Each structure stands twice: as C-alpha cells, then as structure tokens.
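Ligands are counted one by one from 1 in listed order, and the atoms in each one are counted from 1 as well. Heavy atoms only: backbone and side chains are in, while hydrogens, waters and symmetry mates are out. The model shown is predicted, which means the values in this text are computed figures rather than measured ones.
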Amino acid sequence: MTVLRTTKLFRVSPHINPLWGRSSTPAIFEIAFCAILVLLCPASFLIPWSTLELCDGSVGKVLVRLGDMDGVYSIFKSAQASLPSVIDPMKLYGIWVIFQATLFIVLPGATGYGERTPAGNRLRYKINGLLSWFLTIGVYILGALSSWWDADIVAKQWMGLMVAASTYGIVLTVVVYVKAHVSPSHSSDRKFSGSLFHDIFAGIELNPRIGNFDLKLFNVGRVGMTAWTIVNLSFAASQYKHFGYVCNSMIVVNILQSLYVLDFFYQEDWYLRTIDIAHDHFGFYLAWGSAAWIPSMYTLQAQYLARYPVNLSQTTALVILLVGVFGYWMFRASNHQRTVARRTSGNCVIWGKKPVVITAHYTTSTGKRHTSLLLCSGFWGIARHFNYIADLILSFAMCAPCGTQNVLPYAYFVYMTVLLIHRSIRDEDRCSKKYGKDWELYKAQVPYALIPGIY
Ligand code: NDP
C-alpha cells in the first residue's frame, strides 16, 4: 500500500490509491515546467495580440521586440492603451459565463455516463450541449440583427475579454484547488502529487462538482468550446466591417472549425469517455485552458484573417475544404469505431468484418476486477492513436486558408502536434498501468503508436 504525499498548503487524511490514473511523484523538471506554465500562461495572449496588432502578423518581428526589455515594455504599454476600461469586458464576460451556466442547468437533455473512474465511480451527466450551442449562436445572431449589440462585439473588446477570461481561469483554478482539499466531490478519486505546482497545474479532483453541476464538462464544453464559434463569427464580422467583405479563407476557417465544434456537441456523450473527462484531473491545465487558451489560441486563424484577409482561388479554397472534411470524416469514423466496438462488446461490423478485439482486465481501488475491450482492427488496427492523425490533418486544413505569408496562424497546428504526441505517450503509460499484460498483447497486435512504420 502506498501513501501518496499531499501538498503542504493543506493537511488532509492520507490518500491511498496506488493504481492506474494515479501517477507517481513528478520529477523536479516536471514540477518546474508546471510552475513556469502556471506563472507565464495567464499573459500568453499578449504574444498573438502584439504579433497581429503591432507587428503586421509577423512572429519574427514580435520575437525581436521580445528580445529586449524596451520592446517588452512597449508591448505592455500598447496593451494597456488598447484597454480603456476593464469593467465593461469583465461584465460582458460575467454575463457570458452566467448565460452558459443557466443553459447548462435548465435545458433538458438525455442522460450520459462517464467511464468507470479508478475508485470505481461511474458518473451521470445531462447531455444538452447541442441545444445550448444552437441557442447561443441563435441569441448571438438575433442580438446582432436586432442591434442589441454589434456582431463584432467580441473582436472589438478583445483585449478586455482576454483579461477577463484569463482572470476567470485563474480564479477557477484556485477554487477547484481549495475545493479539492476542503470539500471534494469524490474524495477517493483525488490525485496528490506531493508538489504544490503540479497539483495546481494538473488538478487534484477528477470530476469536481457543486451538487450536480459538473465543473469540468461545463467549463471545457460551454465556456471554452462554445466561445470558439462565437469568437470566430465575431472576427468574421470584424473583417466585414473593416474591408466590406468576408474573404473565402475566413469562410473555410469558420466552416471547418464550426464543424469540429458542432461534432463535439453532437457527440457529447462520446466526449464523456475521452481522456479530458475520463482521465485528466481538473486543474489549471483544463480550467484556465478552457477559459482562456481555447478562445485565444484556437481562434488565431480568424483573428489573423480579420486583419490580413487572404483571397484564395476558388480551387485552392475547395481543395483545403475537402482535405479538412476528409480529416474530419476520419476523425469521426475512427472515434466512432471505438465507441461502437465497446458499446456492442465487439458484436458489430467494422470495415465489413467482425472486429478484432482484446478483452482487457483492470482493477479499481476497491479491489474489484473489471473487463474492458480494446479494438485492434479498423482504424485502431493501423495505429494505436490513429484518431490523432486524423485530427492533425483537420488541424492543418484549419490553418492552411491563411496562406504562407506568416506562420502565426499555424501555431494551432504546431500546438496540436505537440499536444497529441505528448498525450499518446501519457495515455500509453496510463493504459499500460491499467491493463498490464493485456496492454502488451495489444501493442504486439498493433505495434505502432501513430504512424505505421515510423512511430
Ligand atoms: P482517445 O479517444 O483515443 O481515448 C484514449 C482512451 O481510449 C484510452 O485512454 C483508453 O481508455 C481507450 N483506448 C485506448 N486504446 C483503445 C482501443 N484500441 N480500443 C478501445 N479503447 C481504447 O483519446 P483522447 O481523449 O485524447 O481523444 C479523443 C479525440 O479528441 C481524438 O480524436 C483527439 O484527436 C481529440 N482531441 C482534441 C483536442 C483539441 O483540443 N482539439 C484535445 C484532445 C483530444 P480506457 O481507460 O477507457 O481503456
């Protein structure tokens, strides 16, 4: 039996759970990395903002500015000058969060269930994200048509809204950190690393709730993913306002990214069984990430095009759109194969055949043995994380409409590549602890992690 250490800030009863999903004490460089991210990320939106606003969209120019203290100071001064008042954006952001929370609570929805947690809990969720997304878009468009607000309201108040989003993400991080110690939702599903910074960054509680209100699903889905679409639409409106037209590259970006978000909500039940909800704990990474990182980094293409329109030939626009739709199809089809194989216990047809599966065994912290199913055919027979490759094709197509003039819009693709490679390594480690020799059997059956013959 292993007793994991708790952070020094609070004293809690020893948490006992040496099983999968409970990583060992992090190395010193991991702790340092978490600390750097927690300290630097909250102001990270200043870099794309200054690249677009002060440096003609050029990453090279912004790097030169960041190279000396005068340059850094001038960025802060310009950011301050572009923010006449922080009160109005704070109010607007507050209304946004309250509106999303209201929809999350009151809208009807089917019941969905998450994966069994390491402590053996299986949580219920209300699935109403799709209705909430349509209602939000509807209200935004109705408000713009009725002149209650301008369609470019988000683009116009961008700096203030980013400050508000980042502040909300930090406050949320502190709230869930304290809640994990004083009032945990499922105390046996907490993870303590022994490091304050690691606990703040990676989170302690797996699925923190206030009553039935699930903080993780709400913040990632409603605050983060819904914002992605609204921010994109608002920057398209901003382009129209400044140039008198919306360029075809902006349309392609909006179509592909809205498709991705729409899919997220249409498949919300599936999302409950992905790593974000089923395995990652709720700390700065997901709390600040969904509040500030998604709206600022995932929307870079629309932000870029609003200032620097790219007019693609109709053929190029169509080819990029088709590549994106192909990536999306593969992304959805691969994720769907896994869902169907598990739901039917392998009694289904994949690519015209009965699927090849491994019945894998695992134990929860109560000592109870369970079985799960690992699919080894279809997309899951090509590589163990082939759904990530599909996502990367789509991610590239989301950036490609911005052309080759500047690299900034491609930051999303670079970020997704790093995120998904790191995620595949993390997931392999967790699954190997969870399934033991059954995972080794799976690896022997499907030897490559991402790209057959290479990795
Ligand atoms: P997966 O949906 O691939 O889930 C991985 C989990 O699936 C594993 O932990 C394991 O969980 C189970 N599993 C692994 N292998 C198999 C198998 N052969 N058969 C059945 N189940 C298996 O990962 P993610 O949650 O990371 O990603 C989901 C999708 O979301 C991906 O397509 C990804 O590209 C996308 N994504 C997008 C992000 C974005 O920001 N745009 C961020 C992250 C992901 P178990 O313990 O249940 O066995």
Side-chain angles (χ1 to χ4, degrees), residues 19-21 113-118 122 206 220-221 224-225 228 256-257 259-261 263-264 267-268 270-280 285-286 289-290 293-295 297-299 327-346 348 350 355-364 370-396 398 412-413 415-436 438-439 441-443 445-446 448-450:
L19 296 172
W20 53 278
Y113 291 89
E115 283 288 350
R116 187 173 284 107
T117 68
R122 192 148 211 174
L206 183 57
V220 177
M225 294 297 277
W228 189 354
L256 290 178
Q257 297 192 344
L259 180 66
Y260 194 69
V261 178
D263 176 273
F264 174 88
Q267 308 283 344
E268 199 177 10
W270 154 79
Y271 181 61
L272 303 179
R273 287 175 290 281
T274 61
I275 291 177
D276 283 353
I277 294 286
H279 308 308
D280 281 345
Y285 166 67
L286 280 174
S290 46
W293 186 256
I294 293 180
M297 290 302 290
Y298 287 30
T299 60
Y328 164 72
W329 167 78
M330 217 155 71
F331 163 84
R332 176 47 39 219
S334 52
N335 285 312
H336 187 64
Q337 283 182 352
R338 175 170 78 100
T339 305
V340 171
R342 279 204 169 167
R343 196 178 58 219
T344 61
S345 306
C348 57
I350 289 177
V356 180
V357 297
I358 291 173
T359 303
H361 301 82
Y362 66 95
T363 313
T364 50
H370 300 271
T371 59
S372 190
L373 191 139
L374 296 173
L375 176 61
C376 310
S377 59
F379 286 111
W380 296 80
I382 301 176
R384 296 192 296 276
H385 303 276
F386 201 72
N387 52 346
Y388 290 174
I389 296 297
D391 204 341
L392 290 178
I393 293 172
L394 175 55
S395 303
F396 185 77
M398 288 172 179
Y412 174 70
F413 175 69
Y415 163 74
M416 284 298 285
T417 306
V418 174
L419 175 94
L420 293 177
I421 291 176
H422 178 248
R423 198 172 256 246
S424 69
I425 297 167
R426 221 158 44 90
D427 192 46
E428 296 270 326
D429 178 52
R430 195 191 62 83
C431 286
S432 139
K433 282 182 187 142
K434 179 175 177 179
Y435 296 120
D438 290 334
W439 189 256
L441 205 64
Y442 174 46
K443 280 172 79 173
Q445 181 86 14
V446 186
Y448 291 100
L450 282 170

Is there a polar contact, in the sense of an N or O pair closer than 3.5 Å, between [X] and ligand 1?
| X | answer |
| --- | --- |
| Tyr260 | yes |
| Arg273 | no |
| Tyr388 | yes |

Tell me whether ligand 1 is touched by [X] - counting only heavy atoms on the residue side and a distance under 4.0 Å.
| X | answer |
| --- | --- |
| Leu373 | yes |
| Arg430 | yes |
| Trp270 | yes |
| Tyr298 | yes |
| Tyr271 | no |
| Ile294 | no |

Which one holds for Asn335 and ligand 1: side chain close, backbone close, both close, or neither close, with close meaning a heavy atom under 4.0 Å?
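Only the side chain of Asn335 comes within reach of ligand 1.
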
Measure Ile275 to ligand 1 on non-hydrogen atoms and call it side chain, backbone, both or neither using the 4.0 Å cut-off.
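Ile275 to ligand 1: contacts from backbone and side chain alike.
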
Looking at non-hydrogen atoms alone, which of [options] comes nearest to [atom]?
| atom | options | answer |
| --- | --- | --- |
| atom 2 (O) of ligand 1 | Glu428, Arg338, His385 | Arg338 |
| atom 43 (C) of ligand 1 | Gln267, Arg423, Met297 | Arg423 |
| atom 39 (C) of ligand 1 | Met416, His279, Met398 | Met416 |

CA sep, side-chain torsions, deciding dist, call: Arg273, Tyr113, side-chain hydrogen bond (donor to acceptor under 3.5 Å, both in side chains)
CA-CA 8 Å; Arg273 287 175 290 281; Tyr113 291 89; over 6 Å; no

Within a distance under 4.0 Å of any heavy atom of [X], pick out the atoms of ligand 1 and give their elements.
| X | value |
| --- | --- |
| Asn387 | 1 (P), 2 (O), 3 (O), 31 (C), 32 (O), 34 (O) |
| Thr274 | 25 (O), 28 (C) |
| Tyr435 | 45 (P), 46 (O), 48 (O) |
| Leu419 | 42 (C) |
| Asp391 | 33 (C), 34 (O), 35 (C), 36 (N), 37 (C) |
| Cys431 | 8 (C), 9 (O), 10 (C) |

Tell me if the aromatic rings of [X] and [Y] count as close, with their centers under 6.0 Å from one another.
| X | Y | value |
| --- | --- | --- |
| Trp293 | Tyr415 | yes |
| Tyr298 | Tyr412 | yes |
| Phe331 | Tyr260 | yes |

Do the side chain of Ser290 and the main chain of Gly224 share a donor and acceptor less than 3.5 angstrom apart?
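No; judged by distance alone, with no hydrogens or angles, the pair does not exist.
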
Any donor and acceptor pair, going by atom type alone, linking the side chain of Asp438 with main-chain N or O of His361 inside 3.5 Å?
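Here the side-chain-to-backbone pair exists.
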
Taking atom types as modelled, find out whether Gln257 and Trp228 have a side-chain donor-acceptor pair closer than 3.5 angstrom.
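Present: a donor and an acceptor within the cut-off.
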
Have His336 and Gln267 got a donor and an acceptor in their side chains that come within less than 3.5 Å?
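His336 vs Gln267: no donor-acceptor pair found between side chains.
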
Please determine which of Trp270, Tyr271, Tyr328 meets the side-chain hydrogen bond (donor to acceptor under 3.5 Å, both in side chains) test together with Asp263.
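When side-chain hydrogen bond (donor to acceptor under 3.5 Å, both in side chains) is applied between Asp263 and each of Trp270, Tyr271, Tyr328, only Tyr328 qualifies.
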
Look at Arg426 together with Asp429 and state whether they make a salt bridge at an N to O cut-off of under 4.0 Å.
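Salt bridge flag = no for Asp429 with Arg426.
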
Is any side-chain N of the basic residue among Asp276 and Arg423 closer than 4.0 Å to the acidic one's carboxylate O?
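Salt bridge flag = yes for Arg423 with Asp276.
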
Roughly how far, to the nearest 0.5 Å, is SG of Cys431 from CH2 of Trp439?
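SG of Cys431 is found 4.0 Å from CH2 of Trp439.
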
